[in-house]
There are 2 protein chains.
Amino acid sequence: MAKLAKTSSRHSVEPGVELIGDAETLNSYSNVLSGVVKLTKSLSDGRQQIVGLRFAPDFLGQPFKAKSAIHAEAATTVSLCSFPKAAIEQMMKQSPELEHRLLRQTLNELDEAREWMVTLGCKTAPEKVASFLLMIARNIDSGVGPAARSARFDLPLTRAGISDFLGITNETVSRQLTRLRMDGVIRIENSRRVTVDDISRLEQRCGGRWPRRNRPIYET
Amino acid sequence: MAKLAKTSSRHSVEPGVELIGDAETLNSYSNVLSGVVKLTKSLSDGRQQIVGLRFAPDFLGQPFKAKSAIHAEAATTVSLCSFPKAAIEQMMKQSPELEHRLLRQTLNELDEAREWMVTLGCKTAPEKVASFLLMIARNIDSGVGPAARSARFDLPLTRAGISDFLGITNETVSRQLTRLRMDGVIRIENSRRVTVDDISRLEQRCGGRWPRRNRPIYET
DNA sequence: CGCGTAATTGAAGTCGCTCAATTGTTGTGG
DNA sequence: CCACAACAATTGAGCGACTTCAATTACGCG
């Protein structure tokens, strides 16, 4: 990494700034030092889907030009540590270690993507919103491990952003959030800042742990 | 590959056979020689989502134990060429070439997964079914390239299987298929075998190419 | 042939969407 | 400090797409 340090540079990026343009190729690789980057894909009629979120200390960049267009944008204020693309690619040829780490990260991303496919395809709107909050809590809140009982964090996305992530409308997101608030599962101040006093209660709303309806699965 | 050939073995697997059990780890890596393998994830209440399909000549196997449980099952009759896990992992340490290929494939899978996230999250039921047919046509039909005007193939999944893939019910899948048939976009014999005379007509039904509604996107 | 599963089709219900109005928040300039 | 504008979020009412439940038909296989 010593050799890389010479060519690295740091940036701070404001929300809304485009990091990887559609059908473009990123001119550098970066590490996310803080903040959240959202990866989106869109249909030509404007509908769009968030296909991933990158938190610190994730890696950011298109290793080989993917055939599909992807779009990366700062969701919050983001600070990045960037390296020239050529430098990284050069290093990858020389040291298998770097490629190995890249493979690891890619496998992780694949895993996450599939996890969210389950959420998108199977879960109801209330479950989707709860699952989103839980995912954010686990990634944002001061790195408190999965064993934490409570959490407090800022949502990195607007309601519309969350709706793009979950495949539902922003109105539905809003309604489900207020329902969670009414039920005492979460508290909301600022409409961005959320507190979860009892994480297990949130987990119960994520679906999948019990039959969806109040009747046994196996009937006579 | 000469060295690997010594340890490889071939299998033929019937539909429904489990290739990777939930929370288990595959005891070998395989190449899919023919047929289709479906990768699924499920919620504990029974809801399940197909998160990927593997066609020939795709690779099959869990490179490093992923933290998430995944389930692989033969969708059709499948023939595999398998290698002992230990042999592959040994080879990966010695030759970066293999790991490089693995990275390529993984990036491809990630790309596909994200593509389907868009379908799951954004598209309507009619668009989902059309997209599914198009994807199958491009992967199954005798490898006829993307430039083909027509296609004929066997669906590798039942209606219920398709519904697990698209996040809709099998009844809806059935209804949309008959609608496509009524409209002359596809022909169905056998309820498995499908013929698409004009692929471009099918593409038009996949959504995203034009505004979803018959009014301009940008209004005054 | 007749059984079991898959597929189709219909009718009714519901969840989430659309449209629309209101309220809340943030940042800017007077 | 307040007024204002621009945008984000909330909330309501009505509708529609998809689901659910149920009945029927088609298909594959012993």
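Remember, predicted model here, so these are calculated numbers, not experimental data. Values below: all heavy atoms of this structure, side chains included; hydrogens, waters and symmetry mates excluded. Convention: sequence-line order gives letters A, B, ...; per-chain numbering from 1.
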Has the side chain of [X] got a donor or acceptor atom sitting under 3.5 Å from an opposite partner on the base of [N]?
X         : N       : result
Arg192(B) : dG28(D) : no
Glu171(B) : dC21(D) : yes
Arg175(B) : dT20(D) : yes

Taking Ser131(B) for the side chain and Glu127(B) for the main chain, is one N or O donor matched with an acceptor at less than 3.5 Å?
-> yes
Polar side-chain atom of Asp58(A) near backbone of Phe55(A) as donor-acceptor pair, under 3.5 Å = yes
Closest to side chain of [X], choosing from [options]:
X         : options                   : value
Ser174(A) : dT11(D), dT9(C), dC18(D)  : dT11(D)
Pro126(A) : dG16(C), dC27(D), dT11(D) : dG16(C)
Thr158(A) : dA7(C), dA8(D), dG16(C)   : dA8(D)

In this structure, how many angstroms lie between the [atom2] atom of [N] and the [atom1] atom of [X], rounded?
X         : N       : atom1 : atom2 : answer
Leu166(A) : dC17(C) : CG    : P     : 10 Å
Glu189(A) : dA9(D)  : CD    : C1'   : 16 Å
Leu120(A) : dG16(C) : CG    : P     : 14 Å
Lys123(B) : dA17(D) : NZ    : P     : 19 Å
Leu155(B) : dA7(C)  : CG    : P     : 9 Å
Arg179(A) : dT11(D) : CZ    : C1'   : 14 Å
Leu157(B) : dA7(C)  : CG    : P     : 10 Å
Arg159(B) : dT19(D) : CZ    : P     : 16 Å

Distance below 4.0 Å between [X] side-chain N/O and [N] OP1 or OP2:
X         : N       : result
Thr169(B) : dT19(D) : yes
Asn190(A) : dT26(C) : yes
Thr172(B) : dT19(D) : yes
Thr178(A) : dT11(D) : yes

Determine, step by step, whether Val185(A) and Arg181(A) satisfy the side-chain contact (heavy atoms from CB on, under 4.5 Å) criterion, reporting the C-alpha distance in whole Å, the side-chain angles of both residues, the deciding distance to 0.1 Å, and the verdict.
-> CA-CA 6 Å; Val185(A) 179; Arg181(A) 179 170 52 78; over 6 Å; no
Might you confirm whether atom CZ of Arg193(B) has over 12 heavy atoms from other residues, nucleotides or ligands at distances under 6.0 Å?
-> yes
May I ask you to say whether Glu109(A) pairs ionically with Arg104(A), meaning some side-chain N is under 4.0 Å from a carboxylate O?
-> no
Describe the nucleic acid contact of Leu177(A) in one word from base, sugar-phosphate, nothing, applying a heavy-atom distance below 4.0 Å.
-> nothing
Heavy atoms under 4.0 Å, any strand shown: does Gly161(B) hit a base, just sugar-phosphate, or nothing?
-> nothing
